[in-house]
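Report on the structure given below.
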Amino acid sequence: MHPQTTANLGSASVHCEKSSVLDTLRSNFGTYTSDVTHASQCLIDAERDAQRCDDEIQKLEADIVSLRNRQQRIYRQIDRYRSLLAPIRKLPPEVLGHIFRLVCTGNSVAEKIDCPAGYLSHVCAGWRDLARTTPSLWSHISINLYDIQYDPSQVKSMLTTCLALSNPSPIFLELTMDGVDIADFILQSIMRHCARWAGVRL
């Protein structure tokens, strides 16, 4: 802060300390005073101090934002470490595979495409390998072409994946259709799958 400044301005004295500003305002100091230099300087100093405070606040706020971003990155790292130590990662593959079979009771296409085995395979590389090497997860398929709201290519993609990964498990298929173009593809795909499973070339 600017040191106390005192000047004789007519019958009034100017004190630039905060404690005396109110007293000065209550005096007869005004526009008729012959010398306002010191009061002007006090104003300039105060405005400069206010700007310095504002600059410091902005710097501190930027530091706070930076710290919060760093904290969020650390929290994400903590989550990853906790995930590495999660109990489910200690399960043997055969136990985890049994849990997968309990969860994946069927893959269906109707108002939406629902492929639980596909969801599991997207969790991590280990789950992907286990899911894709467990044929029974892909062998139950239900397709209702009456209510389908998806592009036929998406249905074909899911069906192709299930048929490929279910081998050599038997296919359990529930198919509801009525003269839909994709029906021929489905039947042909199933026939090719059955032929491969039986060792017959079509």
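- For Asp79, the side chain to side chain donor-acceptor pair (under 3.5 Å) criterion is met by no residue, not counting sequence neighbours.
- Clustering ILVMFWY residues whenever any of their side-chain heavy atoms sit less than 4.5 angstrom apart, transitively, puts Leu137 in a cluster other than the one holding Met158.
- In this structure, the separation between CG on Asp55 and CG on Leu60 is 11.0 Å, given to the nearest 0.5 Å.
- Judged as a side-chain hydrogen bond (donor to acceptor under 3.5 Å, both in side chains), the pairs with a partner in residues 113-135 (not counting sequence neighbours) are, in order, Asp114-Tyr119.
- Summarising the geometry, atom CG belonging to Asn69 is positioned 12.0 Å from atom CD1 belonging to Ile64; distances are rounded to the nearest 0.5 Å.
- Closest non-hydrogen pair, Ala117 versus Cys104, comes out as N-SG, 3.6 Å.
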- [ ] Dump the intermediate steps for salt bridge (charged side-chain N to carboxylate O under 4.0 Å, His left out) on Arg52 and Asp49, then the final yes or no.
- [x] CA-CA 5 Å; Arg52 287 172 181 156; Asp49 287 343; 3.2 Å; yes

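- Among pairs with a residue in residues 58-76, those fulfilling salt bridge (Lys or Arg N to Asp or Glu O under 4.0 Å) read Lys59-Asp63, at least two apart in sequence or across chains.
- Linking Ile, Leu, Val, Met, Phe, Trp and Tyr whenever their side-chain heavy atoms come within less than 4.5 Å puts Ile88 and Val95 in one cluster.
- When every heavy atom of Ser166 is checked against every heavy atom of Leu163, the shortest pair comes out as OG-O, 3.2 Å.
- Cluster annotation: Ile113 and Leu120 are assigned to distinct hydrophobic clusters (Ile/Leu/Val/Met/Phe/Trp/Tyr, side-chain heavy-atom contacts under 4.5 Å, transitive).
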- [ ] Report the C-alpha separation of Val103 and Phe100 in whole Å, then their side-chain angles, then the decisive distance to 0.1 Å, and conclude whether the side chain to side chain contact (heavy atoms under 4.5 Å, CB included) test is met.
- [x] CA-CA 5 Å; Val103 172; Phe100 283 5; 5.8 Å; no

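- Atoms CZ and CG, on Arg80 and Leu84 in that order, are 10.0 Å from each other to the nearest 0.5 Å.
- No single ILVMFWY cluster, assembled from side-chain heavy atoms under 4.5 Å apart, contains both Ile171 and Leu165.
- With hydrogens and angles disregarded, a donor-acceptor distance shorter than 3.5 Å links the side chain of Asn107 to the backbone of His140.
- Remark: Glu174 CD to Ile141 CD1 distance equals 11.5 Å, nearest 0.5 Å.
- Residue Glu94 comes nearest to Arg101 through the heavy atom pair O-NH2, 4.3 Å, listed as atom of the first residue, atom of the second, then distance.
- A salt bridge links Asp45 with Arg48: at least one charged nitrogen is closer than 4.0 Å to a carboxylate oxygen.
- Between Lys90 atom NZ and Leu96 atom CG the span is 15.0 Å, to the nearest 0.5 Å.
- When side chains are defined from C-beta on, Pro135 does not count as touching Asn167, because their heavy atoms never get closer than 4.5 Å.
- Counting heavy atoms from C-beta outward, Ile99 and Leu91 have side chains that approach closer than 4.5 Å.
- Interatomic distance, Asp54 CG to Glu47 CD, rounded to the nearest 0.5 Å: 13.0 Å.
- Taking every heavy atom of both residues into account, Cys115 and Trp138 meet most closely at SG-CZ3, 3.8 Å.
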